Student: 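Take a look at this one; I'll ask things after.
Note that the coordinates shown come from a computational prediction; the quantities given were computed from them, not determined experimentally. Labels below follow one simple rule: chain letters A, B, ... track the order of the sequence lines, proteins then strands, and each chain is numbered from 1.
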Amino acid sequence: MSDVILEMRNITKTFPGVKALDNVSFSVRQGEIHALVGENGAGKSTLMKVLSGVYPYGTYDGEIYFLGKECRFRDITESEQVGLVIIHQELALIPFLSITENLFLGNEQDKHGIIDWNKSISMTKELLEKVGLKESPNTLITDMGIGKQQLVEIAKALAKEVKLLILDEPTASLNDSDSENLLQLLLQFKAQGISSILISHKLSEVSRVADSITILRDGATVETLDCHKDNITEDRIIRGMVGRDLTHRFPPRESKIGDVIFEIRDWNASHPLHKDRKISNNVNLTVRSGEVVGIAGLIGAGRTELAMSIFGRSYGTNISGQAYKHGQEIDISTIDKAIANGIAYATEDRKAYGLVLIEEIKNNITLTNLKAIADLGVVVNEPKEITVTSQYRDSLNIKCSSILQLALNLSGGNQQKVVLSKWLFSNPDILILDEPTRGIDVGAKYEIYTIINRLASEGKGIILISSELPEILGVCDRIYVMREGRIVGEVPAKEASQEIVMKFIMSQKEVIEQ
Amino acid sequence: MKTLTTLFRNNIREYGMLIALIVIMLFFQYATDGILMKPVNITNLVLQNSYIIIMALGMLLIIVSGWIDLSVGSVAAFVGAIAAVMMVKWDMHWSITIFVSLIIGAAIGAFQGYWVAYVKIPAFIVTLAGMLIFRGLTLVILQGEAVGPFPTEFQRLSSGFISDFFKVEGFHVTTIVIGVLISVVLFILDLRGRQNQQKYGFEVLPFYLFVAKNVFITFAVMGLCYLMASYKGLPTVMVILSILITLYAFVTSQTTIGRRIYAMGGNEKAARLSGVNTPRLLFGTFVNMGVLAALAGLIVTARLNTATPKAGDGFELDVIAACFIGGASASGGVGKVIGAVVGAFLIGVMNNGMSILGIGIDWQQTIKGLVLLLAVFFDVYNKTKSS
């Protein structure tokens, strides 16, 4: 075991109400590529944040040994000093600075505060050569594609004399040839003795380049596979990622499914800035009354973008396609019109897009349909508002001292209930719920599922976007799978299993026919 | 006593500035040997500050929306200049002049609002441009000289008083009657609000505090009216001001438009995704600001009885300071009409008191700047302490 360079022992990290990591142990050997896989929310990123000092020593339990010494990082700078460099999914480059300026940001090659540009540029050239990037050191980051930006990030890590490189979903937004380049680079580093930790959802990559694979599930280590001893297939990895007991996490429900209530046909939309990039590509979907329809897929598969483009064109450009309600074509080209046609969209990020945090619970709930509590449609009738919002507080069990409490001071689960109340108040027939249980504890999740069931039994049509497969399987009647802006699969919940859905999600084939 | 301190702590934002205003008034009352509260001076104080208060009403909405308007001083001067030219050079009737001037104000607001709300240029830049544009146009219109004087009817806009129906020598009885009416209405509204809150089981002020608060308000209103009555009665401007303050307090706290403005300032994205047409709403707040700036411009012009190229210079700073002293947040979503009015009075009392004491404009500016900083520090300090 002398070649082990990193050892994390019994790491436990709790957030209020949630145990994100439970007694996780993880070790990396000298000169290997170690893949870390698991579902969204399994704890991969949290583990890496503990390792790199984003969560400083003292905020977690357990020990970290790197190169034989115990490490107690207080911040990222300290972990970088010993040669641990993490490259996040969202790149941390300054767009309007050049490659050189970015490479040495915070690590400037200077004498008494005056930058030695000649030295900087010649060092940049060396580093760019190492990562195989043919660009002038003076090129601005904003003028390069995302694949090249990724290489600049890696060059930046090399500039810091990296010993262990951590890559969080490095290929998620890269095309095939850029991905291939990056993987070759990792193999090259391995030959030079630099170890890497690769977090990836693309299991084909993982099984190709990794020497070992550690699987996390629900904040705990499931197993570590040695790719040289065992014959590791993608199916084998998926089984490790999803195998868990599903009973009692979801309330039972009898679905009473009626006619098609909402339908989207030939829906296309492009990215608001990169107009040639399609975020929704010929999407067709239907929802029946009383039905809960799930949309599964990875982060970045285009689910939120699809929902927002449908909901009053609140995201994307060049949007085309038709929407039908009860077989009649409807106009949902603005948010007003979408709401008037009985469509509600509870956003993914409730703090940034869902709530006005500095306002009272009651003001948040009534915002979607203020006219309903206003005399003559203008003067807010506060007694009426209080009565109405109190009803939602009781029926959705929002735990608060008063409906005059600020949304800011509620827990995540209760904030989510306020978001749901607010959309129920707009009297919708179709509810699109985007990650309604993200970041909330198990008890509150159960309550949200119960509410979803109740709404379905009232005959509403529900679209549930979720990155948690068990949730999709436990709550939905029918499941769509999205990848790269397309619907790549449709499975009735009865026939679905995590393995089947995961195969659709991970599959590299273009379109899979039902 | 415990309830009193917690109550004070919870509402320190609202009461803090009111108490500061009272303390400052008492200080100047003492320092000026009683000149500050003389009927003639109180009347002057209201007349001098009316335009700051009027513009603060519009500015508050813009600041609550999360933006700022630097152009209001120039817009007021520009509209005043146009009104002067219309009346003096073109012999237009004063009533038509007022109407057209307000329309021009709305058009200017629409012009600036368009760039901010629809083209998404930050309001700081748009209104900085507006500040230069309209100052420049004022000079163009006046050709560098002062234009006046105006018809008496127009002058009354700022220097007139309401007429007295009772004809008592040396005392304006109508003013007292109006004061009594206002006091009674305020008391009934507060009582009804309290009963409503009790009905829904909300915490209300303890009874003795409720009484004390209303006694205080009644005394303040009646005291002010008494002072006015012993001079020439209620100034016309004061009537306009009261109506506007009531209207804006009502709109911001009781109507759907008010709700939407606060929601937009608190979280623009969330408001938009809740179906609020945020660009149109923001556009509307700028149009509103334009109209109020025009009204202020008319009042200033009528008061000076000439339109000058330098009129309204630096008003925007007093107006913005009034809003921030009154507890509005620079990041939007927070701020009350009453706060802005108290803030404007605070600045007005300081201006007036320091002038009486013969303090030069140099030190006046310095002191006002420090008071602004202190008031906002007080806000920030309370916020960090309570969280």
Side-chain angles (χ1 to χ4, degrees), chain A residues 308 311-312 314-315 334-340 343-347 349-360 362-383 385-387 389-390 401-404 406-409 419 422-423 425-426 434, chain B residues 10-11 13 64-66 120 189 192-204 247 249-281 284 327-336 379 383 386-387:
Chain A
M308 289 184 77
F311 184 65
S314 45
Y315 184 86
T334 67
I335 294 171
D336 284 7
K337 288 177 185 164
I339 293 175
I343 298 171
Y345 170 63
T347 49
D349 185 341
R350 58 184 166 263
K351 286 186 177 166
Y353 298 102
L355 294 171
V356 184
L357 290 172
I358 56 171
E359 290 216 351
E360 294 163 359
K362 77 174 173 55
N363 295 16
N364 271 292
I365 293 178
T366 54
L367 188 62
T368 50
N369 194 7
L370 268 176
K371 281 189 179 143
I373 47 127
D375 300 332
L376 309 169
V378 180
V379 182
V380 175
N381 184 332
E382 215 156 350
E385 180 178 39
I386 289 165
T387 318
T389 48
S390 300
S401 60
S402 147
I403 50 168
L404 302 182
L406 301 186
L408 193 70
N409 301 328
V419 171
K422 136 180 183 172
W423 285 111
F425 185 61
S426 76
D434 197 348
Chain B
N10 292 338
N11 295 290
R13 261 202 143 145
V64 166
S65 304
K120 316 260 179 230
L189 285 179
R192 272 186 39 192
R194 180 187 163 86
Q195 282 169 344
N196 244 331
Q197 286 184 325
Q198 276 174 328
K199 202 166 96 192
Y200 290 99
F202 289 142
E203 239 180 278
V204 291
L247 178 70
F250 178 77
V251 167
T252 51
S253 66
Q254 305 291 323
T255 67
T256 53
I257 296 171
R259 275 296 174 77
R260 288 179 180 146
I261 291 176
Y262 282 94
M264 171 171 73
N267 188 341
E268 197 265 340
K269 289 172 188 141
R272 195 170 62 88
L273 285 170
S274 304
V276 177
N277 189 340
T278 49
R280 196 174 65 195
L281 192 61
S329 155
S331 47
V334 177
K336 284 192 174 156
D379 256 10
K383 217 190 281 172
S386 66
S387 64

Student: Answer yes if the side chains of A/K371 and B/T256 hold a donor-acceptor pair under 3.5 Å, and no otherwise.
Tutor: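 Short answer, no.
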Student: Out of A/P383, A/A340, A/A374, A/A338, return the one with the most heavy atom pairs under 4.5 angstrom to chain B.
Tutor: A/P383
Student: With a 4.5 angstrom heavy-atom cut-off, is it the side chain or the backbone of A/A344 that approaches chain B, or both, or neither?
Tutor: neither
Student: Please classify the contact of A/E385 with chain B as side chain, backbone, both or neither, using a heavy-atom distance under 4.5 Å.
Tutor: side chain
Student: Decide yes or no for A/Y353 and B/N267: does some side-chain heavy atom of the first lie under 4.5 Å from some side-chain heavy atom of the second?
Tutor: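 Not touching, per the 4.5 Å side-chain cut-off.
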Student: Under 4.5 Å, counting heavy-atom pairs only, tell me which of A/A352, A/G377, A/S426 racks up the most with chain B.
Tutor: A/A352
Student: Report the distance from atom CG of A/L367 to atom CE of B/M264, rounding to the nearest 0.5 Å.
Tutor: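 Between atom CG of A/L367 and atom CE of B/M264 there are 11.5 Å.
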Student: Only pairs of heavy atoms separated by less than 4.5 Å count here; which of A/I339, A/N364, A/V356 has the most with chain B?
Tutor: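 The residue among A/I339, A/N364, A/V356 with the greatest pair count is A/V356.
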Student: So what's closer than 4.5 Å to chain B heavy atoms on A/T366: side chain, backbone, both or neither?
Tutor: side chain
Student: Quick one: pull up CZ in B/R260 and CG in A/N363 and give me the separation to the nearest 0.5 Å.
Tutor: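 So the gap between those two atoms works out to 12.5 Å.
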Student: Between atom CZ of B/R272 and atom CG of A/D336, what is the distance when rounded to the nearest 0.5 Å?
Tutor: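 Rounded to the nearest 0.5 Å, the CZ-CG separation comes to 11.5 Å.
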Student: Between chain A and each of B/G333, B/G265, B/A271, B/A263, count heavy-atom pairs under 4.5 Å; write down the option with the most.
Tutor: B/A263
Student: Tell me which of these, A/V379, A/I373, A/L408, A/N369, has more heavy-atom pairs under 4.5 Å with chain B than the rest.
Tutor: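 Counting heavy-atom pairs under 4.5 Å, the top option is A/V379.
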Student: Select one option (side chain, backbone, both, neither) describing which atoms of A/K337 are under 4.5 Å from chain B's heavy atoms.
Tutor: neither
Student: Determine the option with the most heavy-atom pairs under 4.5 angstrom with chain B, choosing from A/V378, A/D349, A/D375.
Tutor: A/V378
Student: Rounded to the nearest 0.5 Å, what separates atom NZ in B/K269 from atom CG in A/L355?
Tutor: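 The NZ atom of B/K269 sits 14.0 Å away from the CG atom of A/L355.
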Student: How long is the span from the OG1 atom in A/T334 to the CG atom in B/N277, to the nearest 0.5 Å?
Tutor: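 Here the interatomic distance stands at 8.0 Å.
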Student: To the nearest 0.5 Å, how far apart are OG1 in B/T255 and CG in A/L370?
Tutor: 9.0 Å
Student: Below 4.5 Å from any heavy atom of chain A, which atoms of B/F250 appear? Answer side chain, backbone, both or neither.
Tutor: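 It is the side chain, since no backbone atom gets that close.
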Student: Measure distances from A/S314 to the heavy atoms of chain B and classify the residue's part below 4.5 Å as side chain, backbone, both or neither.
Tutor: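 Both backbone and side chain.
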Student: Atom CD1 of residue position B/I257 - does it have more than 12 heavy atoms of other residues, nucleotides or ligands inside 6.0 Å?
Tutor: no
Student: Is A/L357 in contact with chain B via its backbone, its side chain, both, or neither, using a 4.5 Å heavy-atom distance?
Tutor: neither
Student: For the residue pair A/G354 and B/A270, what are the closest heavy atoms and their distance?
Tutor: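 Distance-wise, the nearest heavy atoms are C-CB, 3.9 Å.
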Student: Count the heavy-atom pairs under 4.5 Å between each of B/V251, B/N196, B/V276, B/L273 and chain A, then report the option with the highest count.
Tutor: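 Going by pairs under 4.5 Å, I would pick B/L273.
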